[in-house]
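All remarks here apply to the structure that follows.
Order of the sequence lines sets the chain letters (A, B, ...), proteins ahead of strands, with each chain counted from 1.
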Amino acid sequence: MTVDRASSITRKDFLALLGGGVLAAAPWPAGRVAAQGSGVLKISFRSSLVRLDPAFTVSSDEYVATQTIFDNLTRLDANLRPIPGLAEEWSSPDGGKSWLFKLRSGVRFHHGRALEAEDVVFSMQRVLNPANASPGRRALGPIVEVTAPDASTVKFTLEGPFAEFPAILTGTFGRIVARDAVDSLNQKPIGTGPFRFVEWVRGQHLKLERNAEYWMPGLPKLNEVWLVSYPAQAAEQSALATGETQMMWDIPLSLVPVVSRLSNVQVTEIPSTGFQPIAMRSDRPPFNDARIRRAVKQAINREQVMRFVLQGRGVVAQDTPVAPSSAFYANVSAPPYDVAAARKLMSEAGHSGGFPLRLFASNERAGCIETAQVVKPMLEAIGIKIEIQQVPWDRFNAEVWKKETFFVSNWVGRPTIDEQLYPYFHSTGSWNEYNYADPEVDRLLDQARRELDLSARRGLYGKVQEKLAYDGPAIIPYFSNYATARVRGLQGVPVSPLKWVDLREAQLTG
Amino acid sequence: MRSVLRQVAIRALWAIATLIFTSILVFTATQLMPGNVAQLILGQFASPEAITALEVRLGLDRPAIVQFGSWFGGIIRGDFGVSPRMEVPIAPILIQRLGHSLVLAGLSLCLVALIGITLGTIAALRRGRALDRVLTGASLVGISMPEFVTGSLLILFFAGILPVSGFAPPQEGLWRWLSHLVLPVLSLTFIMLAHVMRTARVSMIEALGSPYVRTAVLKGLPKRTVVLKHALRNALLPTVTVIGINVGYLIGGVVVVELVFSYPGLGRLTVFAVQNRDIPLIQACTLTMAGIYILASFTTDMIYLALNPRLRAE
Amino acid sequence: MSDALLSIENLWVKYRQGLSAVAAVQGVSLTLAAGEIVGVVGESGSGKSSIGYAVMGHLGGAGHASGMLKFDGIDLLRMDEAGWARLRGRRMGMVYQEPQSALNPAYTIGEQIAEGLRYHMGLSRQAAHGRAVEWLERVHLPDPHAIYRRFPHQLSGGQLQRAVIAMAFATEPQLVIMDEPTTGLDVTTQARILDLVADLRDRTRVGILYVSHDLRVVADLCERVIVMHRGLVVEEGPAVKVLTRPTASYTKRLVASIPDLHRRRTLLRDNTGDGEGAVCVRELPLVPQERRAAPTLLQTRGLGRTYQSHGRATVACKEVTIDVRAGESVALIGESGSGKTTVAKCVLGLERPSRGEILLDGAPLPASVHDRPPALRRRIQIVFQNPDGSLNGRRTVRQTLRRPLLIHCRARTTEEADGLSAELLASVDLPQAYLDRYPHELSGGEKQRVAIARALGAEPDLIVCDEPVSALDVSVQATVLDLCRRLQAERGLAFLFITHDLGVVRQIAERAVVMLEGSICHIGSVDSLFAADAHPYVKNLIASIPGRRFGARRPPEVPVA
Amino acid sequence: MDAAADRRTRRADLGLRLGIIALGVVLVLVFAAPMLLPFDAETMSADAILSPPDVRHWLGTDHLGRDVFARTVLGGRSTLALAVAATALGVGIGASVGMVAGYKAGLIDNLLMRTSDAVMALPSLVLAMLVMVAVGSGPAAILLAIVLIFAPRAARITRSVVLNVARLDFVAAASVVGESQTSVLVREILPNVWPNILVEACLRFSYAILLISALGYLGIGIQPPTPDWGLMISEGAAYITAAPWMIFGPALGIVLAVISVNIVGDGLQERIGARLRRTTAHV
């Protein structure tokens, strides 16, 4: 097992990211000749894919699928910096308020048609149009307008200057779809990505094949990619051990030692920015009372939760999704674990006798149901009688998330500070599962987006984190590590703290 | 002959009547479920107006009886509607999954019938002796072990030797296909085998003690003929009934086993539907299962009819 | 006796029961020559059937035979499986008591006969088929080709027994064991079967060991007879001698118990309850005092009942008009399926008549028993045929007898009811200690007595008896009939007595109603049954009664001890 | 007379006694042992996560450091209590309906039987899942589901026994003697039916245990952290290679409980059969 701590975002990287209006496109190493692809790679997932339309995907395994089939204008390098994707180059003539992206020529969709700027405009508007009810509507940044001045240029106009815009386009909602092939996106998706859709057997596997006309010369190297779903843990493990699969996307942390024992397998564990908030709906009782939220925060021993759920494979968090590795990390502290203080807050709020509450958690995402079980006795110590309700992940997304009062959610990290805070905590945010609407936080987040001065921005984001730590709607007890396993012969797949999987350069040897 | 046809017809009519009755039951039950189909289809970010519009388009605003009519009419035409969660028509998926499950269930049923009757007969012939005790004891353990326990233990012991999950289409090679079936079939077989063996044993003991077997013995027939021709033939009757009853159990067992072994069959589809409150899919899956059960009962009746001349004649 | 086909000497048959053993047969000896029929007679539990099964070498796992058992010079007790395979079904055949359970329900009659032919005689499928049909014809089954293809359940009891006989004789054995082959059959059917057996014996020179509980049957068929009681031979000798001049007291009692067609007799009462030791009979007036003067108690007018099943109508009875006067005993006679039980059920309100009505004291009775007020229900009671089904196995005699007393307010408290129950038991000659017994602790005759006591508990005017003695041994039968008669005399009870046994009719009834295929074919005094101008069916019925040889040589009057 | 039958009876009684003893051991273990246990079923220990069985933790600990033995024993308590309640209620309701239907026959009987046909056409587990989705999970929902599953089956069996008993002569005799229909049902028929109901209840009880566990396994039965055998096995399935002992405890619990109930049921059945044999053997 190697622990690769190098590939996390650092402050230095962030500065580089902001560094210039124009980032020159690094030319692709031309020496590589398009070799005939070889090998079949099967990646295992615990969950099964529900949607393949990138505008509507909500879970990180789906992000992996769309990342393989589609391309974005930009993509992230190993250091999470945006580098050219379908856009060869980009610039902002007015310091970040509007952005021009120049499309690469000769890119073709899987059905043969060439990529045009209109496709990009169409793809963005699909997400942004409120009528489509895309979950990513508020996650693409403060876009006002998207236009195509010519066939190979796309122009984004923003509400104000927004430095991280090229990075934000790397996510799932920034995928470019063919505007003439959207009706069947969930059945037979068509993109420009390295692999083409072959077959999707729901609940079993998604089979993709090499896109021979991929715009990156010589890539991809693999013939076929399968995303296979294994609801049973033992089965997933056994499949990897027997060579049925070559990669296990996400290993539950408690099993890292076991999987590491497999002889043909290499396990990589890195700190990730993924987190599992205990969400409190702040628009309805009991959590509309900030004192109750604070009582809950003080009742929970974050250190304990981290030790039980992650067995130490992560770091303690302070109720904000900004990880210590972030350039905008503010060293804030949530109210400390103090049962007496928590009880006092409860009685101040008129709940000295406590109250019953249902806590929802999925049993299909490692850590969620465990977190629920670990905090149950802690909350019961201050009189909140917890009834745990475990639900499968798909139903969690449909019925619990953004609906129930109290639940354990599950998030992978986001590349930009804006994405790490705005969608969750702004009152209009796409992922505001708390229905949190704090005018001050809204104002700070809006202001920080537009603020170009780095230290002023850091100050604004620091204030947000402070506010969230003190009486925010989420208890974020930890950032978990991310562990993934591959057979030793698999190379060229970078391990991303965001749990993304880039298969362009993947190859199987031996 | 006419009376046989008559009985077949009556039973077929009953089967159809039961199926209709069950479909009403399923429809009513799903109507009671929380959750809104239109909301399911449009997702969490849909506006109330859009939901209402879709409800009108789908006819969800009509009275329940009208909805039932169009739903049932659709089923008769082979149209089970569209799954809101998967956003695809249900029928093709249902048929594919059903096929996978039938392979699993069919193989298990054949094994169970074959081994169960054989072991039951052997135990009955060795009644009270060591072999009988061992088999009876083992069957007691068998009926006490639910599939998910058996399955988990099989996974524990066979992980790395046999595939413990998934499905391989037969086109990928017979062995690959079979190897994926071994453990699920074993798990299903174990619990049912015990039931069938016990019934076969008891009815065989009863048959062996019957006057007609005594007649056969005193006719001087060789033991093999007495056992296989005279006793077994009659002992099969209650055994067939129990195998028929076990089909109902099997369907439930398939659900669990498919989950344990991630086998893409009707059972897992049902669990998916139920867990996700995919109402049209729940309706389709449960009704299909009920249909299989009813068909199995009908088939059992027919086999019973064929084996039992007493029912056949006037 | 070197020419004996079968010779049995000092045969003991024991059954293991736990650690001890019960001797069912204790030192029995007999010989049987080819072409001879020897009868073994005894009541249930006498061990008579065990002899037959010992000869066939089939006593079951718990049974063990010792002594000497030789068939055609072969020692049967030292026979191995291979040896039995050469004997059973080939040289020895067997005919069973209940043909419907002795035949395999899953195969056709013909297949089951042909099976033995093919196995033992090495016949081809076709030849075996031909031979089987031949035999079906020889046992006088109509349309043997059709019968060949029938399944056992499609044949009547008489037809089945012929088929079983054909099966036993088809392989041309030297010895056939017949274990009560006519028990449960109608008298007319029985008579035909007995004729068949005698005929087959004459034609094939087979030796037959005939086991039966019915002295009259044995008397008609056999040359020699052994009488068994509790595992011992109590008497043996030529059939006529044993039956007309019995010497053993048990045989005497048995002979005395046989209902007589010509005389009405009573057994002298004994104290043991099971009739043992009572060997004396007293003749009663042939026809007791007529009750023409008594008012009519029960009347059925044009009673009819039709069953609908699968769209077909079956007429169980039609236009049945019967009346029963108070204190009178009326016999309702008919073979199974003649509709006599349907009439009884209609009278009791257990079956709804399709037509006609039932009057009690001239007033119409509601059709269903549940619509009849308790006061009406009280007046008609029932005693059923099968002693096992007539009592609730989960209730003690006390619990059973208590109910009518409490329902009809004859007793107000359970203590009072218990006292009356004891009296009822006494009136049916059962000790008070029986109050706490469960039915399975009683014998058949005792159960029938309890059933009668229950009926008496309601203080009825009429008791309908549905073949109350047909399932009982002949000696027990006589005591139960005696009891009925006594109750009639003491309490002025009326009886509607359903039976197929004319001997029983003679013993109990004053008038007789004969039913044939659902309708009445004869009504009149019991004497009129035996008149020269009786209905042909009645004549046939009388002719079929076994014991003709026995009857022809009536024994001199058995003196009263 | 029939020595073999006699031996069978004695063996059945022995089996029954053994079964009762086994069931007794399970019950004592499940209901009394928690008081003696050094560990609580829900107490987590960060120092003993996934530790194998040893002197302290007889069956090891789970992924949250909870004692598997304590959880098995406590899980048995809730499962068995729920199974008893559900069986009693389901079989009780079903048997009552079946008795009335069998005795009264006619339209009500037909309607009841058709309804039960339709309900029984749905496999038990699927019906249970439907109920759980409609009503929500939790003990009350499980109870409802099992009652719905058991009642029609119990009604059918009772009805068929009643139909057989009602044909017997003593039932007619009771009516003739003057008993009301209710009285006939209660005094004459019920005593002859209840042994069958008892055997059915026994079979159902073992099935209830299996069903509750299966629902727990599917994640829609008992909710965590309450220990439940099925739930524990599904939790353990994730760690089956790392900590197989997580499933040994609950699996053993299920198997022991169901086996002992089955032995008792077999013994009862044999004993009733023996009594029937005795009744007929006397003639």
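Put simply, the residue from B:Arg201, B:Arg127, B:Arg126 that forms a side-chain hydrogen bond (donor to acceptor under 3.5 Å, both in side chains) with B:Asp132 is B:Arg201. Residue D:Val26 forms a side-chain contact (heavy atoms from CB on, under 4.5 Å) with just one option from D:Val258, D:Ile21, D:Ile259, D:Leu256, and that option is D:Leu256.
Contact annotation for D:Ile247: only side-chain heavy atoms (C-beta onward) come within less than 4.5 Å of a heavy atom of chain B. Both the backbone and the side chain of D:Val255 come within contact range of chain B, with heavy atoms under 4.5 Å apart. For D:Ser213, the parts lying under 4.5 angstrom from a heavy atom of chain B are both the backbone and the side chain. Proximity to chain D (any heavy atom under 4.5 Å) is shown, for B:Ile143, by both the backbone and the side chain. When heavy atoms are compared at a cutoff of 4.5 Å, D:Leu130 approaches chain B by way of both its backbone and its side chain. Heavy atoms closer than 4.5 Å to chain B are found nowhere in D:Val261, neither backbone nor side chain. The parts of B:Val274 that come within reach of chain D are both its backbone and its side chain, each placing non-hydrogen atoms under 4.5 angstrom from that chain.
Between B:Phe68 and B:Trp71, the two ring planes are tilted [angle within 30° to 60°]. In this structure, D:Tyr207 and B:Tyr249 have tilted ring planes: the angle between them lies in the 30° to 60° band.
Of the listed residues B:Ser23, B:Pro146, B:Ala29, the one with more heavy-atom pairs under 4.5 angstrom with chain D than any other is B:Pro146. Of all the listed residues (B:Thr270, B:Ile294, B:Thr286, B:Leu259), the one sharing the greatest number of non-hydrogen pairs under 4.5 Å with chain D is B:Thr286. Annotation: maximal heavy-atom pairing with chain B below 4.5 Å, among D:Gly230, D:Ala128, D:Ala237, D:Ala214, occurs at D:Ala214. Heavy-atom pairs under 4.5 Å with chain D were tallied for B:Val26, B:Leu156, B:Leu25; the largest tally goes to B:Leu156.
A distance-only check finds no donor-acceptor pair linking the side chain of D:Ser260 to the backbone of D:Gly19 [under 3.5 Å]. At distances below 3.5 Å, at least one donor-acceptor pair connects side-chain atoms of B:Arg133 with backbone N or O atoms of B:Gly128. Side-chain N or O atoms of B:Glu258 include one that pairs as donor or acceptor with a backbone N or O of B:Gly267 at under 3.5 Å.
Note that CE of B:Met192 and CG of B:Asn246 are 6.0 Å apart. Values are rounded to the nearest 0.5 Å.
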